[in-house]
Each structure stands twice: as structure tokens, then as C-alpha cells.
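Here is the structure we will look at, set down as C-alpha cells.
Given the structure is predicted, the values throughout are model-derived calculations rather than measurements. The chain is numbered in sequence order, starting from 1.
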Amino acid sequence: MNLPDPKQLAIWAITREGLSLALKLKEAIPGTLHVSESLPACPAPCFSFARLADCVKVRFSLFKAHVFIMSTGIVVRVIAPCIASKTKDPAVVVLDEKGRHVISLLSGHIGGANHLALAISEKLHAAPVITTATDLHQVPAIDVIAVDNGLFIENPEAIKTISMAFLNRTPVYLHDPYHRLELAGLDDMVPLTADINISGTAEAATSTTGEASSPAVVVDDRRMHFPDTSLILRPKSLIAGIGCNRNTSADEIREFLINKMDQFALSLNSLNCISTIDIKSDEAGLLEVARSLHIPIRFFTREELSGIDSPNPSKIVNQHIGVPSVCEAAAVLASKKGELIVPKQISPNVTLAIARINFSSSD
């Protein structure tokens with residue numbers, strides 16, 4: 001896990017000693033200084049505030065990480081109203097004014113506070129304070145593994161179930177049909193695999209009575225029924241190739257896409273991007289759908305699309321824009337010539353095809 005970008009790290013100080021340490025920290029790990037206006041003029045560019053709690057409330061969500069140089073009690077009180085969830089909260093690290101201890105306080109795993117605290121401890125020769133149980137007992141942190149491997153955590157409330165199983169050395173079954181964790185080197189990251197028993201299938205986690213006997217980690221882009229004790233991780237493995245008539249509304253495109261994802265039991269959380277022909281680069285509806293789903297959109301030329309052998313070519317499309325296929329060809333191209341799992345679907349104004357990314361491709 002990398003350190004936050006300097007523009008995404010906030011460093012806070014409310015005393016002279018704290019400011020002195022903040023300036024030293026900024027030299028080692030660049031960030032945006034936030035300094036109380038009651039202090040003498042700051043010798044470096046900084047954001048000045050009158051009241052800490054008010055400023056934190058406004059700027060907490062603007063950064064991916066915060067380092068507060070003050071007492072832990074103060075920090076707990078000012079960030080408490082801002083805390084949302086473990087998948088959304090920024091990292092929060094507390095450093096005492098003497099630089100003796102650096103504490104990972106909030107979002108140690110997913111937000112990267114543990115990693116940031118360790119980095120600060122090396123730079124300032126401070127003692128790191130890490131309290132997350134998986135780190136203390138040197139067992140896998142499944143939320144870190146998920147984030148590091150680009151997996152969307154669909155039900156973060158199940159993280160504690162998997163973590164407790166790891167800590168107690170009870171079986172955790174893995175359903176990973178596309179080998180996303182295997183390709184990521186899970187065996188190397190989890191030296192206690194044999195003891196923790198990350199093996200078998202999700203079905204093995206269900207007893208003959210139908211009750212969940214062991215927790216499971218599910219890595220799949222398909223929506224299926226799994227035991228209630230399962231942690232669902234969604235790989236960003238699906239490409240939606242889309243063609244549409246000019247000026248088709250975003251609502252119509254999005255509704256058709258979502259309906260087809262539901263029909264074919266595919267998770268919207270696994271959608272990696274939208275792909276289409278480059279003449280649609282100014283298509284407002286398509287651009288808005290990508291924006292609303294927080295995914296990129298890729299454009300391909302006629303020449304690129306024509307190089308793909310589509311199973312459902314269209315003479316009409318070929319006559320109008322010069323390619324036999326838009327949605328299927330665009331989906332296959334963006335998936336690194338992966339598997340076309342949903343062939344062309346047609347509505348009055350939209351065509352859609354979905355492909356699964358070929359993660360083994362080196363292209």
C-alpha cells in the first residue's frame with residue numbers, strides 16, 4: 001500500500017511544538033499543513049483555522065489521510081461526528097508533540113493508517129502503535145488483501161467474521177473461480193494457509209442441514225446465493241460494450257444496462273468500464289452513465305473494432321458507421337479479448353454486450 005498523494009494528506013497542528021514537528025514531518029512525507037491561527041506565522045504554506053472542530057468537520061472528507069499532532073483525546077472528539085464507515089473513512093494517525101509515539105487511530109487497514117503510521121515512525125524515529133488484532137497476531141487482513149487486489153468489498157460487515165476466523169484458526173473457505181487471489185500471490189501473502197485452511201469451495205462452508213458451518217470468502221462477479229457468513233468481494237472484471245442512437249438519454253441507457261446485469265445475474269459492483277466507438281466520445285447520455293457509476297469509458301476506432309470477429313454483426317450498423325459491430329467488439333477489445341458472456345442485447349435505442357476481462361493477458 002502506497003503513501004497518500006501529498007494533496008490527499010492533511011497535517012494538523014495546534015501548538016508551537018506541534019507546528020515544529022509538523023514542518024519536520026512535511027519535509028519527510030509531504031502534505032497540506034493545517035495550523036491554528038493562534039500560532040505565530042507559519043514559515044511554510046498552510047491552511048489556517050480558527051476552531052479545530054469546525055475546520056475538521058468541513059475538510060475531513062476532502063483528504064484520504066490525516067495526521068493530527070496533538071493528544072488522542074482531542075482527535076477522538078473532533079473526528080467523531082465525521083466518521084461514516086470503515087470502507088469510506090480516511091486514515092487517521094495521531095502523533096504526540098514530542099514525536100515519541102505515532103498511533104494508527106482510524107481506518108488502519110482499508111484507509112492505510114497502519115501503513116502511514118509505520119512510515120512516519122521510520123522517518124521520525126517514533127514508536128508505532130498498531131492495535132489491529134490481525135497485525136498483532138500476524139494473520140491475514142482480508143480487507144487489505146481485497147483493496148490491494150482491486151476487489152470491491154460488497155458487505156464490509158462480514159470482515160470481522162473472516163478476521164475472527166483467521167485469529168481463531170478456524171476454517172475459511174474460498175470461492176474464487178477466476179483465481180483472482182491466486183494470481184495475486186495469496187499463498188505468499190498468507191504463510192499460514194495450511195493452518196487457516198483457505199481452501200475448498202463456498203458450498204463446503206454449508207453443512208448438510210443447510211446452516212453455515214464455516215465462513216467463506218467469495219470472489220466472483222456473479223450474483224449467487226452464498227452462506228450468510230460469506231464475505232463478498234467483487235473483482236472489477238466486467239466490461240459493458242454499449243452502442244446507442246444519438247441523444248439517447250442517460251436514464252434509458254442506465255436502466256437497460258442495470259436490467260440486463262440483473263437478468264444475467266451479474267454484479268454491478270464488478271463493472272470495470274464502459275466501452276464504445278470513438279464517434280460517441282461526445283454522447284452526453286453515455287458520458288453521464290459512466291460518471292454516475294464512477295467508472296471510466298473507453299473509445300475505440302473503426303479500425304480497432306473491425307478487427308474483432310463479432311458473433312452478431314449488423315449490416316445496418318456497418319452501412320451507417322462503417323463497422324459490423326460496436327457493442328460486442330468494444331466489449332471484447334476492452335476486456336483484452338476476454339470471454340463474451342452476454343451477447344448483443346437490443347432495445348429501441350441501445351445495444352449492449354458484456355465481456356469478462358482476460359486477467360491472464362499481458363497486453
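- Side-chain atoms of Ile79 and Phe68, non-hydrogen and from C-beta on, do get closer than 4.5 Å to each other.
- Checked against Val67 for a side-chain contact (heavy atoms from CB on, under 4.5 Å), the options Val75, Val94, Ile120, Val92 give a single hit: Ile120.
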- Task: Show your reasoning for whether side-chain contact (heavy atoms from CB on, under 4.5 Å) applies to Leu271 and Leu293.
- Result: CA-CA 9 Å; Leu271 201 56; Leu293 295 175; 4.1 Å; yes
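- To the nearest 0.5 Å, atom CD1 of residue Ile142 and atom CD1 of residue Ile153 are 8.5 Å apart.
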- Task: Walk me through it: do Leu105 and Val76 pass the test side-chain contact (heavy atoms from CB on, under 4.5 Å)?
- Result: CA-CA 9 Å; Leu105 184 66; Val76 168; 4.3 Å; yes
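- Listed by chain and number, the residues in a side-chain contact (heavy atoms from CB on, under 4.5 Å) with Lys24 are Leu21, Leu124 (sequence neighbours excluded).
- Under the 4.5 angstrom side-chain criterion for Ile, Leu, Val, Met, Phe, Trp and Tyr, the cluster partners of Phe63 are Leu62.
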- Message: What verdict does the side-chain contact (heavy atoms from CB on, under 4.5 Å) test give for Leu23 and Leu33, after you've listed the backbone C-alpha separation in whole Å, the side-chain angles of each residue and the deciding distance to 0.1 Å?
- Response: CA-CA 8 Å; Leu23 292 169; Leu33 284 176; 3.6 Å; yes
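- Pairs engaging residues 268-279 under the side chain to side chain donor-acceptor pair (under 3.5 Å) rule: Glu154-Asn269 [sequence neighbours left out].
- Shown here for Asn155 and Ile232, the closest heavy-atom pair between the two residues is OD1-N, 2.8 Å.
- Partner Pro156 forms a side-chain contact (heavy atoms from CB on, under 4.5 Å) with one of Thr87, Asp143, Leu231, Ile110 and no other, that one being Thr87.
- No side-chain donor from either of Ser107 and Asp89 sits under 3.5 Å from a side-chain acceptor of the other.
- A donor-acceptor contact shorter than 3.5 Å is absent between the side chain of Ser306 and the backbone of Glu303.
- For Lys260, the NZ atom is densely surrounded, since the number of other residues' heavy atoms within 6.0 Å is greater than 12.
- Other residues, nucleotides and ligands place more than 12 heavy atoms under 6.0 Å from the NZ atom of Lys236.
- Side-chain atoms of Thr134 and Thr132 form no donor-acceptor pair, as typed in the model, at a separation below 3.5 Å.
- Nearest heavy atom pair, residue Val102 against residue Ala117, reads CG1-O, 3.4 Å.
- Side-chain contact between Met261 and Ile258 is absent, with no heavy atoms from C-beta onward closer than 4.5 Å.
- Hydrophobic clustering places Ile308 together with Phe300 (ILVMFWY residues linked when any side-chain heavy atoms are closer than 4.5 Å, directly or through intermediates).
- Within the structure, every pair that satisfies the salt bridge (Lys or Arg N to Asp or Glu O under 4.0 Å) test and touches residues 34-60, not counting sequence neighbours, is listed here: Arg51-Asp54.
- Surrounding CD of Gln263 are more than 12 heavy atoms belonging to other residues, nucleotides or ligands, all under 6.0 Å away.
- Under the salt bridge (charged side-chain N to carboxylate O under 4.0 Å, His left out) criterion, Glu288 pairs with Arg291, not counting sequence neighbours.
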- Trace of the side-chain contact (heavy atoms from CB on, under 4.5 Å) decision for Ile242 with Thr351: CA-CA 6 Å; Ile242 299 179; Thr351 60; 5.9 Å; no
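- Membership of an apolar cluster is not assigned to Leu136, as no side-chain contact below 4.5 Å to another ILVMFWY residue is traced.
- Listed by chain and number, the residues in a salt bridge (charged side-chain N to carboxylate O under 4.0 Å, His left out) with Glu283 are Arg246, Lys280 (sequence neighbours excluded).
- At distances below 3.5 Å, at least one donor-acceptor pair connects side-chain atoms of Ser163 with backbone N or O atoms of Ile159.
- Residue Val35 comes nearest to Cys46 through the heavy atom pair CG2-CB, 4.0 Å, listed as atom of the first residue, atom of the second, then distance.
- For Glu252, there are no salt bridge (charged side-chain N to carboxylate O under 4.0 Å, His left out) partners, not counting sequence neighbours.
- Residues Cys273 and Pro296 form a side-chain contact, since some pair of their non-hydrogen atoms from C-beta on lies under 4.5 Å apart.
- Of the inter-residue distances, the one linking Leu286 atom CG with Ile274 atom CD1 reads 6.5 Å to the nearest 0.5 angstrom.
- Both Ile253 and Leu287 are assigned to one and the same hydrophobic cluster, defined by single-linkage of ILVMFWY side chains at heavy-atom distances under 4.5 Å.
- Clustering ILVMFWY residues whenever any of their side-chain heavy atoms sit less than 4.5 angstrom apart, transitively, puts Ile103 in the very cluster that holds Leu52.
- Checked by atom type, the side-chain pair Ser335/Asn358 shows no donor-acceptor distance below 3.5 Å.
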Show every donor-acceptor pair shorter than 3.5 Å between a side-chain atom in residues 11-18 and any protein atom, with sequence neighbours excluded, or say none if there are none.
unit_1	atom_1	unit_2	atom_2	d
Trp12	NE1	His66	ND1	3.1
Thr15	OG1	Gly18	N	3.0
Thr15	OG1	Glu97	OE2	2.5
Glu17	OE2	Lys98	NZ	3.0

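- Rounded to the nearest 0.5 angstrom, Glu328 CD and Leu305 CG are separated by 11.5 Å.
- His137 NE2 to Arg169 CZ: the interatomic distance, rounded to the nearest 0.5 Å, is 9.0 Å.
- When side chains are defined from C-beta on, Ile277 does not count as touching Thr301, because their heavy atoms never get closer than 4.5 Å.
- Phe49 is connected to Ile74 through a chain of hydrophobic side-chain contacts under 4.5 Å among Ile, Leu, Val, Met, Phe, Trp and Tyr, so both are in one cluster.
- With sequence neighbours excluded, the residues forming a ring-ring contact (aromatic ring centres under 6.0 Å, His included) with Phe47 are His34, listed by chain and number.
- In this structure the side chain of Lys344 reaches within 4.5 angstrom of the side chain of Ser314, judged on heavy atoms.
- Side-chain contact between Val172 and Val217: present, with at least one pair of heavy atoms (C-beta onward) separated by less than 4.5 Å.
- Follow the hydrophobic side-chain contacts under 4.5 Å out from Met164 and you reach Ile162 in the same cluster.
- Across every non-hydrogen atom of Pro30 and Leu9, the tightest pair is O-CD2, 3.5 Å.
- Looking at heavy atoms from C-beta onward, Thr32 lies out of side-chain contact with Pro6 at the 4.5 angstrom threshold.
- Nearest approach of Ile321 to Arg302, heavy atoms of both residues: O-NE, 2.5 Å.
- For the atom pair CD1 (Ile130) and CG (Leu118), the distance works out to 4.5 Å, reported to the nearest 0.5 Å.
- Closest approach of Val56 and Val78 over heavy atoms only: CG1-O, 3.8 Å.
- Applying the salt bridge (Lys or Arg N to Asp or Glu O under 4.0 Å) test to every pair with at least one member in residues 214-224, sequence neighbours left out, gives these pairs: Asp220-Arg222, Asp221-Arg356, Arg223-Asp262.
- Between Leu151 and Val147, every side-chain heavy-atom pair lies at or beyond the 4.5 Å cut-off.
- Atom NZ of Lys123 sits about 10.5 Å away from atom CG of Leu25, to the nearest 0.5 Å.
- Under the salt bridge (charged side-chain N to carboxylate O under 4.0 Å, His left out) criterion, Asp251 pairs with Arg254, not counting sequence neighbours.
- Of the possible polar contacts, none joining the Lys64 side chain to the Pro90 backbone as a donor-acceptor pair under 3.5 Å is found.
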